[in-house]
Amino acid sequence: MDTTVSPGAGTGRAQQREARVLWAAALVNGPAELVDFVLPLWAGAVLGAGPAAVGALVALELAVSVLLRPAAGVLADARERRTVAAAGALLYALSCAGYALAPALPVAFAAAVLGGAGGALFWVPVRAAVAERLDADPGVYPRLVSWEETGSWVAFVAGLSLLPALGERGLFAGCAAACAVAAGVLLTAPRRASSAPGQERGPAASALLRRLRPVLVAVAATATAEAAVSVLLLLHLQRGFGLGIVEAALVFLPGAVAMGALPGPLGRLVLRHGRRRVLVGGSLASAAFAASLAVAPSPPVLAVLWVLSAAAYAAVVPVQQAVVAEASGAGAGRGLGLYEASALLGGAVGAAAAGVLYQGASWAVGCLVAALVLAAGAVLVPRAVRALGVADRPAVPVLEPARPVVAVPGPEPAPGVWAPVRPAKTPAQRLRELAQHVVLVAVVQVVLVLVDLSWLADRFAGQPRDLDGAAALVHGAGRVWLVVLAVDVVWTLVTVVRSRRPVP
């Protein structure tokens, strides 16, 4: 999760507002993606829905979300964005609670409508609120993507580990609680410090649509191919390799962690090499990943390849969001609403096309078709960005030495060059904290072994057990913290190595 900010990039209130928005994004994105993953399986197994009904349930939420995105953009420009986003988070919470309590399909369909509306009212103002500091800090959108994806993989690890103890309804209830907390976090954020909402009208809707049309078309095309690749991979894991839900999720996990860790470093490549070069590189990396899937021999290889796709996503998506917000000016909410609607439409088409290709052609043909579309994105997307008339390299703020910062080893950045603030903690402090975490988890694992509830001991013994109630909850929690510790180890070591290098 990237938490660095540029020195002098806005006031303390603006940074506090951004921090609240980032926390809310993480708290909502994890539950939202987890629900999307579990919902179709739950609807079929628990509510007895057939394939057509399951498809209609998923499609209804998506359709509502797409239709309300432009309206949410208007609200994000006309009203206080934190309030609109908080309302969206509460609708998300009600949607998850509806799934948790649904006795039959009609209630589930009502919850899907609430979820679609919540998605529109939450994500558009969140992205527009982040755009408020884009002029002062070009790293805001990479940070947003980093927090979103970190929330996603943490929710998947925790949710799927605790699923045997909680059940699907308990999982939905937990997601509802997280979304309600996100609403509270947003309502504690400072109000926008600049002009009051509604005072800056921005370009007319028709003019904004004409200006953004090239990039919206390119975004829809690439989103179609990316969604097709994701669904193809999931279908192949389930049908080609016979993996279950948890095993398939573990194949996606390394890529999800990479999506949380890479946006910050890749965002600095944008400052160095320009947006168009990064977009070309990201599109080609996605195409290479899609093509390589056709010949990947095993799930471990697919997991490694998925990291390549995650890196491309982490590079391209923040650039897309930043250029749309920049080109929209005071109408950032409306512009981002159109952007999200285009991406969702592309995702819907891609998911439907993936099923047809997998069933009617072959796994390899589907992968190669998606690769061709993504490779075309290396031409379409940079041209679309050029057509917007935005700068290839984001403007960077001039450093203001009046603001005190903690001194760290390394050369001083040149005047006028944007650079992240280093963390105050030294490498030795980080390593000591990591050692404390390892000792704490080790002690807990010893206790779990003594009470015969250690997931790690069961894995070494090769004896999976069917637990329920509190025992299953403790067993799953031990697994969650082992995964968190593994990520903590990798993250700390990478941070320590990077902190010993001079700021470029």
Side-chain angles (χ1 to χ4, degrees), residues 62 65-66 69-70 73 123-124 127 131 134 141-142 144-145 203 205-231 259 263 266-267 269-270 273-291 308-329 331-332 334-354 368-394:
L62 181 63
S65 196
V66 170
R69 239 61 173 193
W123 287 114
V124 175
R127 302 200 196 289
L134 184 58
Y141 277 108
L144 176 61
V145 172
S206 57
L208 184 59
L209 179 59
R210 285 196 301 272
R211 184 176 188 191
L212 295 178
R213 184 179 291 116
V215 77
L216 296 180
V217 171
V219 164
T222 55
T224 299
E226 288 166 354
V229 168
S230 298
V231 175
M259 288 182 195
L266 293 175
L269 289 180
V270 174
H273 300 293
R275 288 164 167 165
R276 290 194 288 272
R277 287 185 180 180
V278 169
L279 290 171
V280 169
S283 298
L284 293 177
S286 291
F289 162 75
L308 179 62
S309 177
Y313 177 94
V316 170
V317 170
V319 175
Q320 291 177 347
Q321 295 175 358
V323 298
V324 169
E326 191 175 320
S328 302
R334 284 171 288 162
L336 289 164
L338 293 171
Y339 162 82
E340 290 221 331
S342 299
L344 285 175
L345 281 173
V349 172
L368 293 176
V369 170
L372 289 174
V373 176
L374 291 168
V379 178
L380 293 176
V381 179
R383 285 188 176 181
V385 171
R386 186 183 296 113
L388 290 180
V390 298
D392 185 44
R393 284 184 172 84

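Computed from a prediction, not measured in an experiment: that's the story for all the values here.
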Measure across [X] and [Y] and return the closest heavy-atom pair with its distance rounded to 0.1 Å.
X	Y	result
G335	V324	O-CG1, 3.5 Å
G282	A312	O-CB, 3.2 Å
A325	L134	CB-CD2, 4.3 Å
V124	G73	CG1-CA, 3.5 Å
V316	S283	CG2-N, 4.3 Å
L62	A348	CD2-CB, 3.2 Å

Checklist entry - Would the number of heavy atoms belonging to other residues, nucleotides or ligands and lying under 6.0 Å from CZ of R276 be above 12? => result yes
Checklist entry - Can you check whether V270's main-chain N or O pairs, donor with acceptor, with R275's side chain at less than 3.5 Å? => result no
Spatial distance of atom [atom1] ([X]) from atom [atom2] ([Y]) [nearest 0.5 Å]:
X	Y	atom1	atom2	answer
L279	L380	CG	CG	11.5 Å
R213	L338	CZ	CG	10.5 Å
R334	L209	CZ	CG	11.5 Å

Item to check | Check: L269 and L266 side chains under 4.5 Å, non-hydrogen atoms | outcome: yes
Checklist entry - So, do V349 and L345 sit near enough that their side-chain heavy atoms are less than 4.5 Å apart? => result no
Per-pair distances, 0.1 Å, donor-acceptor, side chain in residues 216-231, under 3.5 Å, sequence neighbours excluded:
| residue | atom | partner | partner atom | Å |
| --- | --- | --- | --- | --- |
| T222 | OG1 | A218 | O | 3.1 |
| T222 | OG1 | V219 | O | 3.1 |
| T224 | OG1 | A220 | O | 2.7 |
| T224 | OG1 | G346 | O | 3.1 |
| S230 | OG | E226 | O | 3.2 |

Next on the checklist: Please determine whether side chain to side chain contact (heavy atoms under 4.5 Å, CB included) holds for the pair Y313 and V145, giving the CA-CA distance in whole Å, both sets of side-chain angles, and the decisive distance to 0.1 Å.
Outcome noted: CA-CA 9 Å; Y313 177 94; V145 172; 4.0 Å; yes
Item to check | Candidate list L212, V323, L336, test side chain to side chain contact (heavy atoms under 4.5 Å, CB included), partner S328, passing option | outcome: L212
Checklist entry - Do any pairs count as a salt bridge (Lys or Arg N to Asp or Glu O under 4.0 Å) and have a residue in residues 338-347, sequence neighbours left out, and if so which ones? => result R69-E340, R127-E340
